[in-house]
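Small disclaimer: the values here were computed from a predicted structure and weren't measured. Chain A is the first sequence line, chain B the second, and so forth, proteins listed ahead of strands; every chain is numbered from 1.
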Amino acid sequence: MAVLQFENVSYLYGADTPFEKEALKKINLTFPEGKIIGLIGHTGSGKSTLAQLMNGILRPTAGRVLLDGEDIAAEKGKLAGIRARVGLVFQYPEYQLFEETVEKDIAFGPKNLGKSEEEIRALTAEACRFTGVTEDQLSKSPFELSGGQKRRVAIAGVMAMDPEILVLDEPAAGLDPGGREEIFGGLRSYQREKKKTVILISHSMEDMARYADEIVIMKNGEVFAVDTVGHIFENAELIRQAGLELPQITRLMILLQQKGVPVSPGVHTVEDAVMEICTQWKGGM
Amino acid sequence: MLKDVTLGQYFPGNSFFHRLDPRIKIILMLLFVVVTFFAANLVSFAYLVVLLGVMIAVSRLRLGVLLRGLKPIMVIAIFTAFINIFWTKGEALLVQFGFIHIYAEGLWRALFMVVRIVSLVLGTSVLLSYTTTPMELTDALESLLSPLKKIRVPVHEFAMMMSLALRFVPTLVEETEKIINAQKARGADFESGNVLQRAKALIPVLIPLFVSAFRRATELATAMECRCYTGGGGRTRMNQLKLHAKDVAGLLVSLFILTAVFAFNQIPLPFGVL
């Protein structure tokens with residue numbers, strides 16, 4: 001396992017042009033190990049920039065990104081090693097598919113890392129299991145698949161590199177609820193089974209509430225709040241200040257509380273809400 | 001790396017060049033190119049450099065931006081300079097070392113070639129690409145070429161194709177960068193290996209790029225059809241190009257300034273200086 005740390009990291013886009021923009025301002029952040037961390041924030045809050053700094057695709061304008069205490073930009077030649085340890089799935093990753101078959105495309109990453117045929121086969125099979133890519137799809141051309149299927153193949157392609165930290169930028173953007181569920185569910189079982197660190201970037205509070213353990217809220221290029229899911233959603237005011245919406249179920253619970261029903265307003269998944277209401281119901285009987 | 005490509009890049013501003021009628025700018029740019037090629041001696045080249053300095057100052061573009069735009073052509077400039085230094089034969093021999101002969105004429109010619117290349121790129125970018133929006137540019141082209149409609153040249157279609165191409169340059173650059181990054185994240189290596197290996201490493205970039213370019217083209221065609229685009233006939237525009245008195249004045253003054261080069265070419269210079 002590995003610890004990812006940001007130390008005073010700033011990032012500037014388009015330096016020295018009229019379009020100069022500071023995307024990140026002095027970020028200090030440590031990502032806890034072996035958890036699903038949800039990175040949320042309004043559009044333009046710097047989430048995607050943060051993601052691309054994690055494996056050296058972008059270099060910080062100032063500050064350091066540390067992996068297990070070592071600066072990832074210290075040596076140029078080391079970046080390949082960093083990318084093997086921190087896997088990054090970009091937004092709309094289905095546009096990166098290029099191979100003749102799905103199987104070959106998933107194997108592209110591990111092959112670049114110099115893994116053996118056997119290892120690749122095992123890693124591919126495992127990644128397919130978590131992402132829900134079926135056996136019969138493996139021999140198809142990735143361009144024959146539907147959008148959601150392509151997305152899963154692309155995620156499998158990074159997962160098969162067996163990184164210690166998996167970072168996904170909006171992995172479910174533009175998918176229907178069923179597709180979202182499958183992708184996030186798969187990622188959660190991947191995390192629980194392999195005990196790896198998964199960093200999810202999203203602006204969907206519902207998804208984050210359901211699947212993340214810890215939440216990092218970004219606002220205007222700064223870290224606005226870091227806490228566990230439970231604590232974050234108890235603080236409705238904080239979330240509004242970040243320009244985000246509370247999950248619908250949490251809003252319902254707050255309304256119930258205001259109407260005099262003694263339920264906890266920190267509930268953020270439908271299952272918990274059911275439990276909470278049932279307890280209240282029984283208690284009142 | 002790809003962000004250095006400045007083709008079709010517009011930098012917003014409100015300078016003289018930004019406000020000048022784009023048709024005049026195209027004419028001036030063509031003239032500037034011609035004049036650059038006609039400059040033949042030290043005086044006219046020095047004049048060209050001064051002129052360029054004034055143009056850059058008037059355009060109020062940042063020097064750093066302009067210099068970055070020069071980066072891609074630096075290789076060509078250095079290569080031409082090199083060829084000119086070593087392969088020009090003349091009278092004033094400066095260095096002789098084995099089979100290498102360097103003449104004063106070669107040095108002058110190399111210097112002139114570099115100035116010429118640099119001023120071509122800077123001049124056209126100050127006059128046109130940095131200070132004119134792609135829309136203005138294509139409207140101006142269509143307007144300048146419209147006499148050709150009489151002989152049934154599909155001028156509007158050409159202009160539309162050009163504006164679409166220009167419109168998609170930044171999009172494709174951005175897309176290429178995204179795909180390169182995505183493949184880098186998958187451990188692709190674009191920086192090492194021999195020429196063949198490097199060319200091969202580009203396949204994972206080129207295939208997705210082509211696929212998405214075709215997808216975009218189809219989507220764009222559909223979107224244009226949905227908005228009832230049927231070609232140039234009967235189309236009106238939101239911004240009509242109109243020549244103002246100051247545009248004409250600008251043209252005349254610039255004509256005078258540029259053609260001065262022909263006069264400077266006549267000034268005789270002392271021995272050894274071309």
Side-chain angles (χ1 to χ4, degrees), chain A residues 13-20 48 51-52 54-58 76-77 79-100 104-115 141-143 150 154-163 166-169, chain B residues 1-6 9-15 18 59-69 71 130-131 170-193 197 200-216:
Chain A
Y13 277 109
D16 293 328
T17 68
F19 312 109
E20 189 176 286
S48 296
Q52 291 178 53
M54 290 178 191
N55 70 345
I57 294 285
L58 296 179
K76 244 195 160 178
L79 275 179
I82 299 293
R83 284 173 194 156
R85 297 179 62 193
V86 182
L88 173 59
V89 180
F90 278 81
Q91 252 176 62
Y92 300 103
E94 55 271 32
Y95 295 134
Q96 71 189 26
L97 302 176
F98 70 99
E99 275 284 10
E100 290 156 53
K104 278 192 191 172
D105 209 293
I106 297 175
F108 178 71
K111 218 176 195 169
N112 284 329
L113 301 181
K115 297 205 187 286
S141 157
F143 299 107
K150 280 188 204 168
I155 294 174
V158 177
M159 210 182 256
M161 292 166 72
D162 199 24
L166 184 62
V167 188
L168 302 104
D169 193 351
Chain B
M1 151 181 73
L2 285 165
K3 289 206 182 86
D4 293 337
V5 178
T6 47
Q9 266 194 15
Y10 170 70
F11 281 89
N14 193 25
S15 74
H18 283 91
S59 73
R60 284 190 227 139
L61 290 166
R62 280 216 234 160
L63 210 58
V65 171
L66 289 168
L67 292 180
R68 213 173 318 146
K71 241 201 257 168
Y130 286 141
T131 57
T171 312
L172 283 180
V173 167
E174 198 182 305
E175 182 106 12
T176 313
E177 208 145 69
K178 243 190 230 163
I179 296 171
I180 287 181
N181 283 340
Q183 306 300 24
K184 267 189 191 164
R186 295 213 280 164
D189 180 9
F190 300 105
E191 272 117 33
S192 60
Q197 283 166 327
K200 244 182 152 177
L202 284 179
I203 293 176
V205 177
L206 291 179
I207 292 178
L209 191 63
F210 271 100
V211 170
S212 79
F214 281 116
R215 182 178 47 85
R216 267 182 215 289

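Residue-environment remark: CZ (B:R216) exceeds the threshold of 12 foreign heavy atoms within 6.0 Å. Enclosure of atom OH in A:Y92 is not indicated, since only 12 or fewer non-hydrogen atoms of other residues, nucleotides or ligands lie within 6.0 angstrom. Within a 6.0 Å sphere centred on NZ of A:K115, other residues, nucleotides and ligands contribute more than 12 heavy atoms.
For the atom pair CD1 of B:I179 and CZ of A:F98, the computed distance is 11.0 Å after rounding to the nearest 0.5 Å. Interatomic distance, B:I207 CD1 to A:L97 CG, rounded to the nearest 0.5 Å: 11.0 Å. To the nearest 0.5 angstrom, B:N181 atom CG is 4.5 Å from A:F90 atom CZ. In this structure, the separation between CD on A:Q52 and NZ on B:K184 is 10.5 Å, given to the nearest 0.5 Å.
Ranked by heavy-atom pairs under 4.5 Å with chain A, the first of B:G187, B:A182, B:P204, B:G13 is B:P204. Listed options A:G109, A:G87, A:A84 were ranked by heavy-atom pairs under 4.5 angstrom with chain B; first place goes to A:G109. Chosen from A:V158, A:N55, A:D105, the residue pairing most often with chain B at heavy-atom distances under 4.5 Å is A:D105.
Residues B:L209 and A:Y95 form no side-chain contact, since every pair of their non-hydrogen atoms from C-beta on lies 4.5 Å or further apart.
In this structure, the portion of A:F143 lying under 4.5 Å from any heavy atom of chain B is its side chain and not its backbone.
Judged purely by atom type and a 3.5 angstrom limit, A:Q96 has no side-chain atom pairing as donor or acceptor with the backbone of B:P208. In terms of modelled atom types and a separation under 3.5 Å, the side chain of A:N112 and the main chain of B:R186 share a donor-acceptor contact.
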